[in-house]
Amino acid sequence: MSKIIEDLKYAESHEWVSVDDNGIATVGISDHAQEALGDIVFVELPELGVTVNAKEEVAVVESVKAASDVYSPLTGEVTEVNETLLETPETVNTNPYDNGWFFKIAISDEAELDELMDADAYADHCDEE
Amino acid sequence: MSPNNLEPPAVGKRTPLYQQHLNAGAKIVDFAGWDMPINYGSQIVEHNQVRHAAGVFDVSHMTVVDVSGTDPEGYLRYLLANDVAKLKELGQALYSAMLQTDGGVIDDLIVYRMSFGYRIVVNCATRDKDLAWMHSQADGFEVTVTERPDLAILAVHGPSSIETASALLDQTKGKTVAGLENFKGAELSDWFIARTGYTGEKGVEFIVPAGDAANLWEQLLAAKVKPIGLGARDTLRLEAGMNLYGQDMDESTSPIISNMTQTIAFEPADRDFIGRAAVTDDLAAQEQGNLPKLVGLVLEGRGVLRAGQTVSTDRGEGQITSGSFSPTLKQSIALARIPSGSSTCQVDMRGGATDVRIVQPNFVRFGKKVFE
């Protein structure tokens, strides 16, 4: 059974989001997603400073098995990317919810958060797949 | 993320080691109707285990077929593209294709010379058609073709595999394992032990009664041999440049365009084998540059080559038949069928056309990179 963190928000496309008090959202992929992908061998990250739209493909995660797009769950400007993943992409497998984060964005529309799932809804979503 | 690759719950045939796989934390997937372990956590960790120490694979899903009777040699010299007459000693092994009359590859297999005749190990996904073909071609030969579903196969591979396996067996079996040369085997009552495999490392395969499989498995694990899933089996064989049936060749491809020419015994010239005329023509056509060849590809940059991708060479288009990430080389490698004589090759990756290097289809042997 994959791990789902209580305080995070989740997108249907299996990204998680954590928003801090300054409106900075950290985005990664869920434990369920990394498990489905298997061993991750490459990660491509968005460029710093670009504005991304909610549900836009902004990063790529490539495993031994398959390549998958990572979508931004929210609209905003990319303020930071996790460059350690370029050298150690397996961190996404081992720590999907902390050291395995992908990028941070300064969000421009907090209302978009309401469209994301909470942990319970996401657990149901995973079960249905 | 779009994980459209979640397998449905598997319900299929199970090997005698199914419970052992669950005990070891296997992720079970459907493989040609069998519930098989794809990995026990990380396929890269398992891959490296085989390159650096030793791992055990349960390959009991593969089909064992025994051929006995008064003329099994005559039958197999007709049935197979390689020549079993090369097998001078009991237990000796030979890799061969089994061809259609038109040269298409029905399957690839290993054949061992045995006291009762020959033992053949074919792929699991091709079991039904292989058995049907083998029976249909047996007319006119005094042979008996018998499937052996009562046997299990454990493959132990890696630099320390021989030492570790020989130490945990009884003295007779242990000495046999330690003393066998590559591609040689030995029958020890109802066990057959052979130095064959699919990883590019040294190793030994145990073909044993199903009832003996669990105990051998547990002994190996107790000796720190780690269980290895089908995921790592695929990256290990790809690094070793070994074909996977159904992916790198099948009925629609000649062995000549599948890097299998060396496995066809054209000599002696008077041996009639199924597909001989077709592959003889194919070889001539390839030498004229009219047929493609199966080569190795190496991607120097980031990204992973995938089966089915189209490639462009200076001689035309080709296709990747197997592609993955090489855990040993830490870059992507592939097998691809491309026009003969190609000297440059590009593949469409994210970010556009990307150069890939054409190399001999053999990437890693005994833990080391083998192409320049």
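In the text below, chain A, chain B and the rest are named by the order of the sequence lines, each starting its count at 1.
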- Region of B:Ser332 in contact with chain A, defined by heavy-atom distances below 4.5 Å: neither

Near [X] [atom1], under 6.0 Å, is it more than 12 heavy atoms from other residues, nucleotides or ligands?
X: B:Gln360; atom1: CD; value: no
X: B:Lys369; atom1: NZ; value: yes
X: A:Asp7; atom1: CG; value: no
X: B:Gln319; atom1: CD; value: yes

Distance, nearest 0.5 Å, that separates [atom1] of [X] from [atom2] of [Y]:
X: A:Glu62; Y: B:Met349; atom1: CD; atom2: CE; value: 6.0 Å
X: A:Glu35; Y: B:Lys27; atom1: CD; atom2: NZ; value: 6.5 Å
X: B:Thr235; Y: A:Lys65; atom1: OG1; atom2: NZ; value: 13.0 Å
X: A:Asn93; Y: B:Ile44; atom1: CG; atom2: CD1; value: 8.0 Å

- Message: Any side-chain to backbone donor/acceptor pair from B:Arg302 onto A:Glu44? Under 3.5 Å, distance only.
- Response: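 Side chain of B:Arg302 to backbone of A:Glu44: no pair is present.
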
- Task: Using atom types as modelled and distance alone, determine if a side-chain donor or acceptor of A:Asp39 lies under 3.5 Å from a backbone N or O of B:Ser42.
- Result: no

- Message: If you count heavy-atom pairs within less than 4.5 Å of chain A, which of B:Gly303, B:Pro327, B:Ser324, B:Gly323 leads?
- Response: B:Gly303

